[in-house]
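Computed over heavy atoms, backbone and side chain alike; hydrogens, waters and symmetry mates excluded. For this chain, numbers begin at 1 and follow the sequence in order.
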Amino acid sequence: MLEGIRIIDFTNYLPGPYATLRLAEMGAEIIKVEPPSGDPARNTGRTGEGKDGPVFRAHNRGKKSIVLDLKSESGRDTALRLIAGADAIIESFRPGVMDKLGLGYSEAAGIKPDIVYVSITGYGKEGEMAQLGSHDLNYMALSGVLAQLKDENGRPVHPANTFADYIGGMAASERLLAGLVSRWKTGKGSYHCLSLTDAMLSLMANHVLIENETGYPHGVSVLGGKIVAYNLYETKDGRYISLGALEPKFWNAFCLGAGREDWLPAHFTEAAWDNKVYREMLSLFKSRTLAEWIQFGQEVDCCMAPVLEAGELAGFPYFRNRGSISDREADGRQVKMHGDLPGSLQSIVPQKGEHANEILRELESLHSNRS
């Protein structure tokens, strides 16, 4: 879909590389510009001699890598030549850094007026927090999302995934694509400054409106573990299964499948210990193993799915049959960004500067042709 679209990627670590990986899977040519030391993610959590870190390998396949010292005149000049032949730029430095390097939007638009330029920031480019250093946990905390993940004592649970990085990366790829559509319609380029905090705040739309009108701070109450029909249940082997039987037809199917027609009237009752049906459901779920409940969910259409661990995903029939996860000798176990796109796991992760000669030869050729 994006074949022929060239994107210059000045990002490191996770949000930007995740955004451009999603675009690469759709056919875009991604030229990753790395500093002489490489993307710091290459050294994050290294698991073996000679192998780049997993954070880098997970988010950079299918890209071309060139090493440039953007603080040097030659590095800057090469970067500008790359920009001149590009459709879009994505960068994730602190606000103002690209301007200081002479690679900001005004310089880019000066040599490529229709360029689409996307900056990924923590807190936007202006305001009292714009220059503050922060990470995923900070964005989740400030946005209000972290307050929705609490244990039974009301303490926020520290997530084991960096949701702001991923959701922010998705928002960045969305904005870049919107910029390309706008360019196609108007012939004009555009500048976009994404805030990871804003991306997370967008997940709070229900919560903000409902809290303002009712005072309830946890969004749609029936989705927050308050009722028996929409909850997590422990199984006989200490695992967990999710039940999402909100609609009557799914609740009916669950009750009848479990042989408990007497539970039908309890559809939206509270998941509390003083609720007899809830106690009986806890006992029922603990009477069967996770495997047995998986089988039940396949046979009874009641919105049921297992809580899977990372190591179980590749072997689970849904992902296995779709080819969603692939094991490769060069860069390990990889996950598709777009589950319906065939062949998107065939590309590999680039070595640092691997494509420099190819890219520079092309630049020289273009310069010669113009001369």
Side-chain angles (χ1 to χ4, degrees), residues 1-12 16-17 19-43 50-52 56-57 59-93 97-98 101-118 173 176-177 179-180 183 189 328-331 334 343-371:
M1 290 178 282
L2 296 180
E3 186 175 350
I5 297 295
R6 172 174 283 189
I7 300 167
I8 313 301
D9 182 356
F10 292 97
T11 68
N12 295 312
T20 52
L21 175 58
R22 297 185 66 82
L23 298 169
E25 276 208 4
M26 290 190 283
E29 179 189 17
I30 310 296
I31 297 180
K32 184 176 180 66
V33 178
E34 300 190 59
S37 58
D39 182 337
R42 288 187 183 271
N43 297 309
K51 265 194 172 183
D52 288 316
F56 183 86
R57 286 184 282 124
H59 303 104
N60 287 284
R61 67 176 181 275
K63 304 176 186 179
K64 296 178 179 178
S65 171
I66 184 171
V67 171
L68 296 178
D69 181 358
L70 298 179
K71 295 179 180 179
S72 71
E73 185 177 351
S74 62
R76 174 185 174 276
D77 289 346
T78 300
L80 289 172
R81 290 163 67 196
L82 284 173
I83 291 169
D87 296 285
I89 295 168
I90 185 166
E91 62 92 9
S92 59
F93 293 104
V97 170
M98 287 292 274
L101 293 171
L103 298 169
Y105 176 64
S106 58
E107 289 86 1
I111 59 172
K112 190 69 164 59
D114 64 351
I115 197 77
V116 175
Y117 196 117
V118 176
S173 64
L176 189 149
L177 292 173
L180 291 175
R183 187 186 70 170
R328 290 106 62 83
E329 184 176 352
D331 44 35
Q334 295 284 316
S344 57
L345 281 174
Q346 294 176 357
S347 55
I348 62 173
V349 174
Q351 298 297 309
K352 185 178 73 173
E354 179 181 346
H355 303 91
N357 291 335
E358 171 192 336
I359 294 168
L360 292 173
R361 279 197 303 269
E362 182 181 339
L363 289 177
E364 289 300 326
S365 176
L366 288 172
H367 178 73
S368 298
N369 291 337
R370 288 171 182 164
S371 300

* Sequence-distant partners of Asp77, side-chain contact (heavy atoms from CB on, under 4.5 Å), two or more places apart -> Glu73

* Minimal non-hydrogen separation, Gly102 against Leu80, with atom names -> O-CD2, 3.9 Å

* State whether Asp114 and Arg183 are salt-bridged, where the test is any N-O pair (Lys NZ or Arg NE/NH1/NH2 against Asp/Glu carboxylate O) under 4.0 Å. => yes

* Looking at Ile115 and Ala86, what are the two nearest heavy atoms and their distance? -> CD1-O, 3.5 Å

* Say you draw a straight line from OH of Tyr105 to CD1 of Ile83; how long is it, rounded to the nearest 0.5 Å? -> 12.0 Å

Can you give the donor-acceptor pairs under 3.5 Å from side chains of residues 61-68 to other protein atoms, not counting sequence neighbours?
{"residue": "Arg61", "atom": "NH1", "partner": "Gln334", "partner atom": "OE1", "Å": "2.7"}
{"residue": "Arg61", "atom": "NH1", "partner": "Val335", "partner atom": "O", "Å": "3.4"}
{"residue": "Arg61", "atom": "NH2", "partner": "Glu25", "partner atom": "OE2", "Å": "2.4"}
{"residue": "Arg61", "atom": "NH2", "partner": "Val335", "partner atom": "O", "Å": "2.8"}
{"residue": "Lys63", "atom": "NZ", "partner": "Pro17", "partner atom": "O", "Å": "2.8"}
{"residue": "Lys63", "atom": "NZ", "partner": "Thr20", "partner atom": "OG1", "Å": "2.7"}
{"residue": "Lys63", "atom": "NZ", "partner": "His59", "partner atom": "O", "Å": "2.8"}
{"residue": "Lys63", "atom": "NZ", "partner": "Asn60", "partner atom": "OD1", "Å": "3.2"}
{"residue": "Lys64", "atom": "NZ", "partner": "Glu29", "partner atom": "OE2", "Å": "2.8"}
{"residue": "Lys64", "atom": "NZ", "partner": "Glu358", "partner atom": "OE2", "Å": "2.8"}
{"residue": "Ser65", "atom": "OG", "partner": "Glu34", "partner atom": "OE2", "Å": "2.7"}
{"residue": "Ser65", "atom": "OG", "partner": "Gly353", "partner atom": "N", "Å": "2.8"}

* Give the C-alpha distance, both sets of side-chain angles, the deciding distance and a yes or no for side chain to side chain contact (heavy atoms under 4.5 Å, CB included) between Met98 and Glu107. => CA-CA 10 Å; Met98 287 292 274; Glu107 289 86 1; over 6 Å; no

* Identify the two heavy atoms, one from Ile30 and one from Leu23, that lie closest to each other, and give their separation to 0.1 Å. => CD1-CB, 4.3 Å

* Asked: Quick one: does Lys352's side chain have a donor or acceptor within less than 3.5 Å of a partner on Pro36's backbone?
  -> yes

* Heavy atoms only: give me the nearest Ala19-Ser173 pair and the separation to one decimal. => O-CB, 3.8 Å

* side-chain hydrogen bond (donor to acceptor under 3.5 Å, both in side chains) with Asp39: which residues, sequence neighbours excluded? -> Lys32

* **From Glu354 atom CD to Ile359 atom CD1, the distance as rounded to the nearest 0.5 Å** => 10.0 Å

* Asked: For the side chain of Arg42 and the backbone of Asp52, is there at least one donor-acceptor N/O pair under 3.5 Å apart?
  -> no

* Asked: Looking at CD1 of Ile89 and OG1 of Thr11, how far apart are the two atoms once the value is rounded to the nearest 0.5 Å?
  -> 12.5 Å

* Rounded to the nearest 0.5 Å, what's the gap from CD1 on Ile90 to CG on Asp9? Could you check? => 6.0 Å

* Are any side-chain N or O atoms of Arg328 and backbone N or O atoms of Ser347, one a donor and one an acceptor, separated by less than 3.5 Å? -> yes

* Applying salt bridge (Lys or Arg N to Asp or Glu O under 4.0 Å), run through Arg81 and Glu362 and close with a yes or a no. => CA-CA 11 Å; Arg81 290 163 67 196; Glu362 182 181 339; over 6 Å; no

* Just by modelled atom types, is the Ile7 backbone N or O under 3.5 Å from a matching donor or acceptor in the Asp87 side chain? -> no

* Quick one: do Val97 and Glu91 satisfy side chain to side chain contact (heavy atoms under 4.5 Å, CB included)? Show the steps, please. => CA-CA 10 Å; Val97 170; Glu91 62 92 9; over 6 Å; no

* **Straight-line distance of Asn43 CG to Phe56 CZ, nearest 0.5 Å** => 10.0 Å

* To do: For residues Leu103 and Tyr117, report the shortest heavy-atom separation together with the two atoms involved.
  => O-OH, 2.8 Å

* To do: State the CZ-CG distance between Arg76 and Leu101, to the nearest 0.5 angstrom.
  => 9.0 Å

